[in-house]
Amino acid sequence: MADIAQTISELRGVLPEGARLVAVSKYHPVEKVAEALAAGQTLFGESQAQELVRKHEYFRHCSPQPEWHFIGHLQTNKVKYIAPFVTMIESVDSERLLAEIDRQAERWGRVVDVLLELHVAQEQTKAGLTVDECHALLDSGVKVRYKHVRICGLMTMATYTDDETLIAREFQSAYDCFNELKTKHFPNDDYFCERSWGMSDDYPIALQHGATLVRIGSKIFGERA
Ligand SMILES: *Cc1c(COP(=O)(O)O)cnc(C)c1O
């Protein structure tokens with residue numbers, strides 16, 4: 001395992017202009033997050049509300065402070081714990097969740113950035129909205145209904161496979177969906193610009209298909225416990 005700072009600097013070297021690295025620190029101890037912070041990495045991803053709250057508390061008096069993206073399945077009853085500080089919730093897969101984020105963000109006087117999670121993979125177990133469901137959600141007027149969330153783009157995960165052609169096709173269909181939604185619902189909204197795809201094993205393919213956020217965990221921090 002190469003060291004954390006070195007891997008982060010190598011990844012920065014391959015990221016095109018405009019793409020950002022989300023260092024996925026889930027299940028890793030705060031010491032590893034501190035190492036990444038010291039290497040200048042400030043954007044982190046977590047997938048469990050309690051763990052995110054714990055790490056946020058730990059680093060809240062640090063400078064610079066980590067910025068946190070929530071990337072896992074989020075139960076509506078957990079939104080209240082992360083709403084005061086989370087930078088982005090990348091995994092919105094229902095209107096019910098969107099409504100609860102809006103409600104909690106309003107309580108804290110915030111506008112919380114979110115991504116819609118799109119399902120493109122072949123595994124049924126993966127979460128997310130279909131392309132049609134994304135369109136239906138936006139057609140129904142959520143953009144004006146919820147004033148305390150800002151929909152900034154899409155997040156997706158490709159099928160877990162060695163078939164790079166399949167992975168490329170899935171990322172491209174996410175990119176196509178992003179472009180359709182952009183044209184139809186956000187043509188003048190510069191904030192609708194994020195395409196979060198690519199993990200440790202498939203980020204090079206994601207970057208060829210328009211990723212602006214790559215969420216990389218094990219390549220930086222090693223295997224999770
Ligand atoms: C865990 C996780 C990642 C990071 O996966 P690695 O293979 O460790 O890079 C990225 N995105 C999501 C949604 C995850 O849950």
Side-chain angles (χ1 to χ4, degrees), residues 1-12 14-15 19-30 32-33 35-36 39 41 43-55 66-75 78-79 82 86-94 97 101 113-129 134 152-164 166-168 170-171 174-175 178 194-225:
M1 186 62 214
D3 102 315
I4 289 173
Q6 187 191 327
T7 310
I8 286 173
S9 120
E10 283 167 11
L11 284 167
R12 285 221 189 93
V14 302
L15 286 186
R20 290 184 293 159
L21 169 64
V22 181
V24 176
S25 49
K26 64 183 185 195
Y27 307 127
H28 289 293
V30 289
K32 287 193 175 181
V33 177
E35 244 183 279
Q41 177 67 27
L43 181 53
F44 294 88
E46 286 285 334
S47 63
Q48 290 194 345
Q50 284 98 328
E51 185 178 356
L52 172 51
V53 168
R54 187 168 56 74
K55 287 179 178 162
E67 268 188 65
W68 300 105
H69 282 199
F70 191 86
I71 62 170
H73 178 69
L74 183 56
Q75 291 170 279
K78 302 281 173 64
V79 174
I82 65 171
V86 72
T87 301
M88 182 177 273
I89 297 174
E90 295 200 11
S91 43
V92 171
D93 59 359
S94 70
L97 179 57
I101 297 167
D113 285 347
V114 304
L115 303 180
L116 299 181
E117 182 170 354
L118 178 68
H119 180 103
V120 293
Q122 292 193 330
E123 297 111 322
Q124 290 306 316
T125 49
K126 285 207 169 117
L129 302 159
C134 285
C152 297
L154 297 179
M155 184 270 258
T156 201
M157 269 187 273
T159 302
Y160 186 71
T161 174
D162 290 333
D163 181 350
E164 300 200 345
L166 176 62
I167 295 171
E170 291 175 348
F171 287 147
Y175 200 175
F178 171 91
E194 298 294 1
R195 299 176 293 270
S196 179
W197 39 87
M199 314 190 347
S200 291
D201 290 335
D202 58 16
Y203 73 90
I205 306 173
L207 290 169
Q208 287 165 3
H209 295 272
T212 62
L213 292 166
V214 288
R215 310 177 308 270
I216 300 185
S218 44
K219 187 176 169 68
I220 298 171
F221 296 111
E223 291 308 314
R224 289 178 282 274

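In listed order, ligands and their atoms are each counted from 1.
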Asks: Using heavy atoms and a cut-off under 4.0 Å, could you grab the residues that are in contact with ligand 1, chain by chain, numbers ascending?
Replies: V24, K26, I71, M157, M199, S200, R215, I216, G217, S218, R224
Asks: My understanding is that only residues two or more places apart in sequence, or in another chain, count here; which of them pass ring-ring contact (aromatic ring centres under 6.0 Å, His included) with F70?
Replies: none
Asks: Using a cut-off of 6.0 Å, state whether more than 12 heavy atoms not belonging to E164 lie near its atom CD.
Replies: no
Asks: Under 3.5 Å, is there a donor on one side chain and an acceptor on the other for T212 and E194?
Replies: yes
Asks: When you compare the side chains of E170 and T159, does any donor N or O come within less than 3.5 Å of an acceptor on the partner?
Replies: yes
Asks: side-chain contact (heavy atoms from CB on, under 4.5 Å) between R215 and M155: does it pass, once the steps are laid out?
Replies: CA-CA 10 Å; R215 310 177 308 270; M155 184 270 258; 3.3 Å; yes
Asks: Looking at Y27, I'd like to know if the NZ or CZ of R224 sits under 6.0 Å from its six-membered ring centre while staying within 45 degrees of the ring's axis.
Replies: no
